[in-house]
Amino acid sequence: MTARAQTVRLNPSQHRVLAGFAAKRGLSEYAMLARIVDAGFAAILHGADKEADTREIAAEVGVISERLAEVERVLDRTLFTACAAYAYARHSALGTRKPDEVIAAEARAAFERQRSLALEVEP
């Protein structure tokens with residue numbers, strides 16, 4: 001048993017969208033309106049719209065978080081490489097005869113200094 005609604009009023013833009021959907025699906029505007037009303041009732045009654053949105057947002061946040069961690073690892077490697085290149089270039093330019101272990105320790109110290117400066121929060 002179905003009940004009939006007396007009147008459904010649409011603004012002009014809603015009517016254009018309804019007509020477009022109906023034309024794409026080969027339905028009358030009335031049949032398309034019935035489908036839209038059914039889908040709207042289902043979304044409101046079952047909360048599908050909120051749950052689906054929440055799941056999609058959570059999934060996207062997870063993907064973004066994973067990619068951000070990857071970018072952070074790449075940036076750390078890049079910063080360390082730059083610090084090491086500077087340390088070796090400096091010792092080469094100065095003509096020092098320090099062993100690689102000493103230069104590498106200086107590069108690590110420079111990396112830690114630069115990383116801590118980068119992580120400082122400015123007021």
Examine Tyr86 and Leu75 and state if one hydrophobic cluster contains both, with Ile, Leu, Val, Met, Phe, Trp and Tyr joined whenever side-chain heavy atoms are less than 4.5 Å apart. no
What distance do Leu33 atom CG and Arg35 atom CZ have between them, rounded to the nearest 0.5 Å? 12.0 Å
Checking Ser13 now: which residues fulfil side chain to side chain donor-acceptor pair (under 3.5 Å) with it, not counting sequence neighbours? Asn11
Gap between atom CZ of Arg108 and atom CD1 of Ile103 - 0.5 Å precision: 11.5 Å
Mark yes or no for whether Ser65, through its side chain, and Val61, through its backbone, hold a donor-acceptor pair below 3.5 Å. no
Below 4.0 angstrom, N of the basic side chain to O of the carboxylate: do Glu72 and Arg115 qualify? yes
Given a cutoff of under 4.5 Å between side-chain heavy atoms of I, L, V, M, F, W and Y, with clusters grown through shared members, what are the other residues clustered with Phe111? Leu79, Phe80
Distance col, row Ile36:CD1 vs Leu18:CG, nearest 0.5 angstrom, shows 5.0 Å
So which atom in Cys83 and which in Ala107 form the shortest heavy-atom distance, rounded to 0.1 Å? CB-O, 3.7 Å
When clusters are formed by joining ILVMFWY residues with side-chain heavy atoms under 4.5 Å apart, either directly or through shared neighbours, do Phe21 and Phe41 land in the same one? yes
Interatomic distance, OG1@Thr96 vs CZ@Arg90, rounded to 0.5 Å, equals 8.0 Å
To the nearest 0.5 Å, what is the distance between NZ (Lys24) and CE (Met32)? 10.5 Å
Give the C-alpha distance, both sets of side-chain angles, the deciding distance and a yes or no for side-chain contact (heavy atoms from CB on, under 4.5 Å) between Val102 and His91. CA-CA 10 Å; Val102 172; His91 284 284; 5.7 Å; no
Rounded to the nearest 0.5 angstrom, the OG1-CD distance for Thr54 and Glu56 is 9.5 Å
Please say whether more than 12 non-hydrogen atoms of neighbouring residues, nucleotides or ligands are located less than 6.0 Å from OH in Tyr88. yes
